[in-house]
Amino acid sequence: MTLFTDFGLAQPILKALSAEGYEKPTPIQAQTIPYAMEGRDVCGIAQTGTGKTAAFALPILHRLNANPKPRRPKSPRVLVLSPTRELSGQIADSFRVYGRNLRLTTEVVFGGVTISRQEKALAAGVDVLVATPGRLIDLVDRRALSLRDIEILVLDEADQMLDLGFIHALKRIVTLLPKDRQSLFFSATMPKTISSLAESFLRNPAHVAVTPVATTAERVEQSVIFVQTNRKQVLLETLLRDPSIDRVLVFTRTKHGADKVVRGLDKAGIAGAAIHGNKSQPQRERALAGFRDGSCRVLVATDIAARGIDVDGVSHVINYDLPNVPESYVHRIGRTARAGATGLAISFCNDEEKAFLKDIEKLTRLKVPVQPLPEGLPAAPAASETSERREPQRGRPAPHARGHQGHGQSRSTDPNAERGPKRRRGRGGKPGGNAQPQGGQPAGNQQRPAQGQQRPAQGQRPAQGKPASNRSEGRRGDGAQVAWLEKSPRRR
Ligand code: AMP
């Protein structure tokens, strides 16, 4: 296992990292930092949320600190180019945080604000400049900035730079930089246009990449249903009454949660099996065999157990609980849509999980279409009434989903609402998809059904079919897309 101490980073940087609660490097950090420390150029495929900012910021701070130079007016030593003001601000914040025990300064410049304050800051001299390309060129043209002392260049989110039309600005900037420099280039994707841009910036680069898990998400038809925790079970049972769901993998966050779901299905007359770390090998094999041969169409699994499952023809993935690690979502939904097939993924999302959903959408750069709760969905029965109220209804069709009653039904102000797990991000969190899910299954805080709502109406189909066709919302190149890419401010 790689540790931050393995890289030879200066002590003050290590101190800042432990103050931030970082325990070990993320995969992109483990791959990038050694090359960047040697002074090599790096071409990296990595998405936001993988820890890539520290992957370049840490070696840069180390190298500047190891070779101190007096600050020169208007002539920074490091230039970080980033596509949006939000991202630029966050990158600058990161430099300041990781470099808080060093005598180095960081400034950020972007458009849309008065230029004179930025000119003044540059005149005083800064070590690291983070900039959006347009404002950078303005400052150069006004002779408020010179790029001739740049020792290290970072080009972050190159694909987004191109989408936002910065190609000409970038081409001009490269001509203003010294040839003898180190360059670190990052992009979430690497199509031909980006790799040729990379070539014009880089010299004999080391190539690094973290699994581009997000791409899988594009092949799966996804939807999300907003639902209170205590109605998830009844929602699942309602959806499962649709015979078109012929092989479904249901994900829960915990082993206990998986067992509880299976017990509930059993009471509702739906055959299901759970697979997780507490099951013996024969139990797991039996469950898998039944799932494969179709005698059991519902397999309820935790993330860890699901890794070993290799079953073709999974028609649906249902996220009973949303994972708090966004990469797990992509791995989960990739269980359907295997071998080029398409699949459907439906996620249940309570109030507490909305933050996880946001992280998932940020990672996949797709907005998950919202599907309403099926109309007439029975209220969650009180625990003591479960068996009488939800007796087996084999083969009975489920209620039809027409109205939009899903959003906002679940309110955190509801005294019966359950507290879900805390999300793990930022300080001490572990980005990059190598974190294990955690958090407990919420306790079964049940509500009594509203009068007349105990049974689903008959002869109607559930709402789980195709989600609304707005899959491309939030995609790159879309007008709304910049907002999706913006990172929320780090919590420090
Ligand atoms: P980034 O991909 O650079 O936007 O980083 C995503 C988040 O991960 C940020 O909130 C960072 O503060 C955090 N982070 C970066 N590296 C680590 C690490 N090694 N351990 C824990 N958190 C980290």
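Atom set for the values below is all heavy atoms of this structure, side chains included, hydrogens, waters and symmetry mates excluded. Whatever order the structure lists them in is the order used to number ligands and atoms, beginning at 1. What you see is a predicted model; the values in this text were computed from it and never measured.
Of all the atoms in ligand 1, the ones that sit under 4.0 Å from a non-hydrogen atom of F4 are 19 (N). Taking a cut-off of under 4.0 Å to the non-hydrogen atoms of T53, the atoms of ligand 1 that pass are 1 (P), 3 (O), 4 (O).
When all heavy atoms of G125 and T105 are compared, the pair lying nearest together is O-OG1, 4.0 Å. Residue H276 comes nearest to A258 through the heavy atom pair CD2-CB, 3.9 Å, listed as atom of the first residue, atom of the second, then distance.
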Next item on the list: Kindly indicate, with the supporting measurements, whether the criterion side-chain contact (heavy atoms from CB on, under 4.5 Å) is fulfilled by Y329 and V368.
Entry: CA-CA 12 Å; Y329 173 86; V368 182; 4.1 Å; yes

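Residue E23 has no N or O atom closer than 3.5 Å to an N or O atom of ligand 1.
Among L136, L139, V108, the one residue that satisfies the side-chain contact (heavy atoms from CB on, under 4.5 Å) test with L129 is L136.
Taking all heavy atoms of G51, G21, P27, P25 into account, the minimum distance to atom 1 (P) of ligand 1 is reached by G51.
Under a 4.0 Å heavy-atom criterion, K24 is in contact with ligand 1.
Between E157 and R365, at least one side-chain nitrogen of the basic residue sits less than 4.0 Å from a carboxylate oxygen of the acidic one, meeting the salt-bridge criterion.
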